[in-house]
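Computed from heavy atoms alone, side chains included, the values below leave out hydrogens, waters and symmetry copies. Throughout, residue positions are numbered sequentially from 1 according to the sequence presented.
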Amino acid sequence: MPNDMSHPPVAAASPIGQLAARASRYCARADILSRAPDLTVAAAAKALDHLAGLQAALAEERLRQCRNTRADLERIEGQFHPHEAALKAARAALSSALLRARPDPELAFGLVPHGAGSGTGRSQKDDGASGARPAGTTDIAPKAVSACRALLDLDALRPYLTDHALRHAIEAHARATGRHDLRGVAYAALPSGALLPCTVS
């Protein structure tokens with residue numbers, strides 16, 4: 001590997017200073033290599049190994065320096081998490097119970113018949129022109145509470161699937177099946193240090 005992707009002869013003043021100096025050199029060298037017309041696969045793979053190794057070293061140093069901060073953060077969060085978790089569990093249990101509760105003529109909470117309208121709605125009937133509402137009620141809108149994979153209309157969801165969600169599904173398919181033959185996906189054999197997120201168009 002070229003000398004500008006090797007350890008410097010003189011150590012920097014601090015671990016992060018040394019790593020930062022190496023990162024600067026590595027990135028500069030990688031930029032040159034990525035634009036070189038005579039770049040070879042071997043040179044690119046070796047450079048990727050160096051880059052990935054340095055990134056791992058930076059992450060290790062970051063975690064080491066953040067250890068005390070993380071401990072303080074965990075201690076503080078530990079005081080709140082049990083109460084937040086208990087409230088979340090109580091809300092989930094009561095929300096489920098609401099679906100089984102006896103209907104109230106003044107409130108429109110509960111399961112919505114499939115295909116019965118869309119958009120937001122009021123949780124209560126308006127009281128004349130004043131728009132007054134029963135005390136303690138809120139605006140509501142239908143929310144999905146369950147889904148059946150076998151019946152789910154994936155074509156209808158296609159425009160709303162994020163690139164990240166699609167990448168995750170593609171990777172999960174490859175891990176689960178060991179196959180790389182999804183229609184519409186291009187595959188490439190890359191070294192372990194490569195970082196090439198799947199572009200979605």
Side-chain angles (χ1 to χ4, degrees), residues 1-36 38-93 95 143-144 147 149 157-158 160-182 184-201:
M1 199 63 217
N3 288 335
D4 46 7
M5 275 195 175
S6 60
H7 292 275
V10 179
S14 66
I16 184 58
Q18 179 180 354
L19 291 170
R22 288 174 61 195
S24 179
R25 295 198 328 277
Y26 280 34
C27 290
R29 178 58 182 167
D31 180 61
I32 294 172
L33 284 174
S34 65
R35 292 183 283 108
D38 58 346
L39 176 66
T40 65
V41 168
K46 191 171 184 179
L48 281 167
D49 285 345
H50 280 74
L51 291 166
L54 180 55
Q55 187 171 354
L58 276 165
E60 183 179 353
E61 179 63 19
R62 171 173 53 80
L63 291 174
R64 187 188 70 79
Q65 294 196 22
C66 289
R67 190 170 293 120
N68 291 337
T69 302
R70 289 203 315 276
D72 290 340
L73 182 59
E74 289 173 1
R75 177 181 55 79
I76 294 170
E77 289 182 340
Q79 300 175 14
F80 294 89
H81 280 171
H83 309 296
E84 293 174 347
L87 288 168
K88 184 176 181 180
R91 289 175 61 195
S95 297
K143 294 182 180 180
R149 284 179 175 270
L157 295 177
R158 189 186 302 273
Y160 308 103
L161 292 172
T162 65
D163 292 355
H164 174 76
L166 290 173
R167 291 190 195 100
H168 180 76
I170 291 168
E171 292 170 0
H173 172 270
R175 286 194 303 269
T177 65
R179 300 173 57 137
H180 304 88
D181 57 358
L182 272 178
V185 179
Y187 299 90
L190 298 170
S192 60
L195 181 62
L196 190 63
C198 176
T199 57
V200 179
S201 58

| Nearest heavy-atom neighbours spanning Leu54 and Arg22 | CD2-C, 3.6 Å
| field | Donor-acceptor under 3.5 Å (Ser34 side chain, Ala30 main chain) | value | yes
| task | With sequence neighbours left out, write down each residue that passes side chain to side chain contact (heavy atoms under 4.5 Å, CB included) with Arg149, or none if nothing qualifies. | result | none
| Checking side-chain contact (heavy atoms from CB on, under 4.5 Å) for the pair His173/Val185: CA distance, chi angles, key distance, verdict? | CA-CA 12 Å; His173 172 270; Val185 179; over 6 Å; no
| query | For the atom pair CG (Leu48) and CG (Leu196), what is the distance rounded to the nearest 0.5 Å? | reply | 10.0 Å
| field | Audit row: His164, Val200, side-chain contact (heavy atoms from CB on, under 4.5 Å) steps and yes/no | value | CA-CA 9 Å; His164 174 76; Val200 179; over 6 Å; no
| request: To the nearest 0.5 angstrom, please state how far the NZ atom of Lys143 sits from the OG atom of Ser95. | output: 8.5 Å
| request: Considering non-hydrogen atoms only, spot the tightest contact between Ala47 and Leu33 and give its length. | output: CB-CD1, 3.6 Å
| Gap separating the CD atom of Glu74 from the OG1 atom of Thr69, nearest 0.5 angstrom | 11.0 Å
| said: Can you give me the closest heavy-atom contact between Gly193 and Ala52, atom names plus distance? | reply: CA-CB, 3.8 Å
| Gln65, CD: over 12 other non-hydrogen atoms inside 6.0 angstrom | yes
| remark: Correct closest heavy-atom pair for Cys198 and Ile170 would be SG-CD1, 4.3 Å
| query | Taking atom CG of Leu51 and atom SG of Cys27, what is their separation to the nearest 0.5 Å? | reply | 6.5 Å
| When you look at CG of Leu195, are more than 12 heavy atoms from neighbouring residues, nucleotides or ligands closer to it than 6.0 Å? | no
| field | NZ on Lys46 to OG1 on Thr40, rounded to 0.5 Å | value | 10.5 Å
| Which residues share a salt bridge (charged side-chain N to carboxylate O under 4.0 Å, His left out) with Glu61, sequence neighbours left out | Arg64
| message | Tell me if the CZ atom of Arg70 is crowded by more than 12 foreign heavy atoms within 6.0 Å. | response | yes
| request: Write down the atom of Asp49, the atom of Ser192, and the distance for their closest heavy-atom approach. | output: OD1-OG, 4.3 Å
| task | Hey, could you give me the CG/OH distance between Asp181 and Tyr187, rounded to the nearest 0.5 Å? | result | 6.0 Å
| field | Closest contact, heavy atoms only, Leu58 versus Ala23 | value | CD1-CB, 4.4 Å
| With Asp72, which residues qualify under side-chain hydrogen bond (donor to acceptor under 3.5 Å, both in side chains), at least two apart? | none
